[in-house]
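What follows is a single structure, written as structure tokens, with notes after it.
Within every chain, numbering begins at 1; the chains are lettered A, B, ... in the order of the sequence lines, protein sequences first and strands thereafter.
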Amino acid sequence: MLSAANARLSHKWLMRIIGLQCVIWALSGLYMVSMNIHFIHGESLSREPVVSLPLAEVNYSFAGLMTDYPDASNITLTRVLNQTVYRFQLPASNGRWHLINGATGTLLPPISQQQAVRIARQQYTGTAEIVDVQQQAANQSTTSGSTALWKVSFADLARSTFYIHPDSGQVIRRRHHYWYAFDWLWRLHIMDYDDGENVTNLLLRIASILGLLATFSGLTLLCLQLSAKWRSNWRSSQ
Amino acid sequence: MKQRVVLSVWHKWLALLVAIQVVIWLGTGLYFNVTEGQGDTARQVRQTVHHVGDVGSVSLLPLRQLAAPAPLKAELIWSLGKPYYVLWYNQPAHRYFPLERRVYDAQTGQPWQIGLQQVASVAQRAYRSDKQTASNTVMSAPVLITPPIDDLNNQQNPLWRVNVNDALNTSIYLDALTGHVVTFVNDDSRFRALMFTLHFMDYAGTGSFNNSIIIVFAVLTGMLSLSGAYLLFHTHAVARPLNEFEPHTNTQLTIRDKHSHTHSLCLSEHAGDNLYFALLANDISLPSECQGAGTCGKCKIVTNASMPVTPVETAHLSTQAIADGIRLACQHPARQFSEITIPVALPTSRSDQ
Ligand code: FES
């Protein structure tokens with residue numbers, strides 16, 4: 001029977017089962033929407049240097065590069081640590097990035113630890129000191145292939161950390177405490193507790209169905225109460 | 001107990017404000033849970049366009065011979081077999097942020113922007129159509145559109161759009177300067193985008209979930225769920241027999257109604273229920289908005305002033321009212337009462353006189 005008492009009872013029982021997840025959904029969602037996503041991705045932690053390329057010093061031309069490396073793709077003339085360099089990929093080495101000195105045309109060796117530190121310091125927008133530099137074990141991430149990234153950490157409150165690609169000299173990831181918090185809340189939000197990549201998990205499906213039922217029972221209760229209130233107001237105004 | 005009463009009122013009003021959106025959140029969430037990772041039909045009709053031409057036969061002009069200010073970075077790209085230089089004057093974190101670029105023909109050094117015919121040709125090559133439908137596929141002439149773009153909320157750069165008359169109304173978006181494909185959109189992806197708009201409450205069309213509407217609703221929903229959790233775990237004394245008054249176990253109840261008519265009622269099996277429900281079971285409905293939950297404070301009756309007072313009653317009733325014998329029916333087992341006065345009129349057929 002559809003009565004307020006029944007609606008209340010089912011609302012209470014369903015919420016005893018799924019209520020905790022509802023609190024988690026609400027609070028994790030609140031964190032995720034109120035933190036600017038670009039801040040979470042660390043875009044405010046680093047800046048690209050705004051120095052125009054000194055074209056007069058570029059003695060090695062695009063034409064030269066195309067002759068020496070006809071297979072090169074994604075060729076960009078850019079700056080890495082006050083040096084003008086060409087950055088490109090070669091299919092022969094599985095799309096690995098390469099750097100060439102723009103003045104001399106010589107192939108540059110992978111970024112050293114000292115260079116990684118200097119790149120991190122140059123791009124970091126904060127003032128904190130570097131506290132830790134490590135080379136990450138290989139096979140860590142899918143985006144960087146099997147490359148061992150340089151991991152440079154700063155002594156700021158959020159422990160900002162830059163991941164620098166040794167082949168391209170680019171900062172390819174920025175992490176800080178807010179990012180890790182976001183990542184964990186995301187996992188709690190989608191109820192995938194190992195890597196947070198599976199939005200289609202069964203647990204989430206069951207939970208959202210229960211959540212919907214619990215919400216509908218609450219909504220029914222609300223409607224019954226409000227209609228009772230309006231009816232009694234109407235009666236007393238007669 | 002005061003807290004409980006206040007929170008339950010809050011809980012109700014918060015629910016009234018956010019209930020519909022909570023249903024939308026759960027419903028769209030379930031939609032993502034069920035559909036995520038299923039074939040992206042917009043991607044299925046997209047294929048890579050090979051722009052690179054004959055590298056050996058082109059002669060590239062040195063960059064410094066371009067009549068252009070020195071850029072922050074320079075790219076060599078290909079479009080339909082020809083090489084071009086893209087000079088960058090800003091380095092945004094995302095391609096959808098405003099881009100400041102200039103494009104030059106890498107062989108002649110002349111400023112260049114892709115033309116209508118070439119865009120149409122790139123769109124043709126990027127669209128994969130199977131043999132049967134290939135002949136019927138008609139593409140609209142490319143149009144250069146400026147943001148805001150309905151299909152791509154966060155895009156801040158102008159793009160070319162080519163519409164395809166296929167079953168799913170595919171639209172191909174291409175870079176305004178270079179003609180490289182930016183993305184494919186079709187009715188499936190548009191529906192999905194609508195689901196995201198609903199889930200993120202992005203009704204202003206910013207393309208981002210960091211908007212003030214959803215932040216306000218998330219705060220309210222946080223309060224709703226926390227007040228609900230409090231109400232669930234701080235159970236109240238409603239309808240619990242108060243053991244110290246157990247000796248009163250009346251099953252006969254004398255009721256004086258609004259018009260001072262006296263009625264007598266046999267409670268029988270409802271004697272153990274709270275008075276509100278016991279009366280309801282006998283078709284006597286006291287005023288109430290919470291139907292016996294102890295939160296509205298409307299189910300007033302008058303009885304003997306010595307009747308115990310529950311915390312819910314102290315929260316709703318004044319000390320004077322309590323001293324006058326006013327109590328809330330839903331707060332006491334019916335068997336505690338032998339005589340009550342109620343503010344509603346009962347049909348005279350029930351009357352003893
Ligand atoms: S307080 Fe609402 S019915 Fe008793």
Checklist entry - Can you say whether A:Asp192 sits under 4.5 Å from chain B via the side chain, the backbone, both, or neither, judging by heavy atoms? => result neither
Item to check | A:Met32 CE to B:Ile214 CD1 distance, which is reported to the nearest 0.5 Å | outcome: 9.5 Å
Item to check | Contacting moiety of A:Thr215, where chain B heavy atoms sit under 4.5 Å | outcome: side chain
Next on the checklist: Quick check: do A:Leu77 and B:Leu63 have side-chain heavy atoms less than 4.5 Å from each other?
Outcome noted: yes
Checklist entry - When the ring planes of B:His199 and A:His189 are compared, do they come out parallel, tilted or perpendicular, using 30° and 60° as the limits? => result perpendicular
Next on the checklist: Strictly less than 4.5 Å between heavy atoms, which residues of residues 193-210 of chain A line up against chain B? Please order them by number.
Outcome noted: A:Val199, A:Thr200, A:Asn201, A:Leu204, A:Arg205, A:Ser208, A:Ile209
Next on the checklist: Quick check on the interface: out of A:Asp71, A:Thr78, A:Leu212, who has the most heavy-atom pairs with chain B under 4.5 Å?
Outcome noted: A:Leu212
Checklist entry - Are A:Ile190 and B:Phe32 side-chain neighbours, meaning at least one heavy-atom pair lies under 4.5 Å? => result no
Checklist entry - Which of residues 88-102 of chain A have a heavy atom under 4.5 Å from any heavy atom of chain B? => result none
Item to check | Shortest non-hydrogen contact between A:Met35 and B:Asn210, atoms and distance | outcome: O-ND2, 2.8 Å
Checklist entry - Given that the side chain runs from C-beta out, which part of A:Leu27 has a heavy atom under 4.5 Å from chain B: side chain, backbone, both or neither? => result side chain
Item to check | Per-residue contact mode, A:Leu219 against chain B (heavy atom under 4.5 angstrom) | outcome: side chain
Checklist entry - What orientation do B:His94 and A:His38 show, parallel under 30°, tilted 30 to 60°, or perpendicular over 60°? => result tilted
Next on the checklist: Let me confirm one number: the OG1-CH2 distance from B:Thr221 to A:Trp25, rounded to the nearest 0.5 Å.
Outcome noted: 13.0 Å
Next on the checklist: Need one label for B:Phe217: side chain, backbone, both or neither, based on atoms under 4.5 Å from any heavy atom in chain A.
Outcome noted: neither
Checklist entry - Using non-hydrogen atoms only, which part of A:Gln225 is less than 4.5 Å away from chain B: side chain, backbone, both, or neither? => result both
Next on the checklist: Contact between A:Ser61 and B:Leu60 at the side-chain level, heavy atoms closer than 4.5 Å - yes or no?
Outcome noted: no
Checklist entry - Is it the backbone or the side chain of A:Leu222 that comes under 4.5 Å from a heavy atom of chain B, or both, or neither? => result side chain
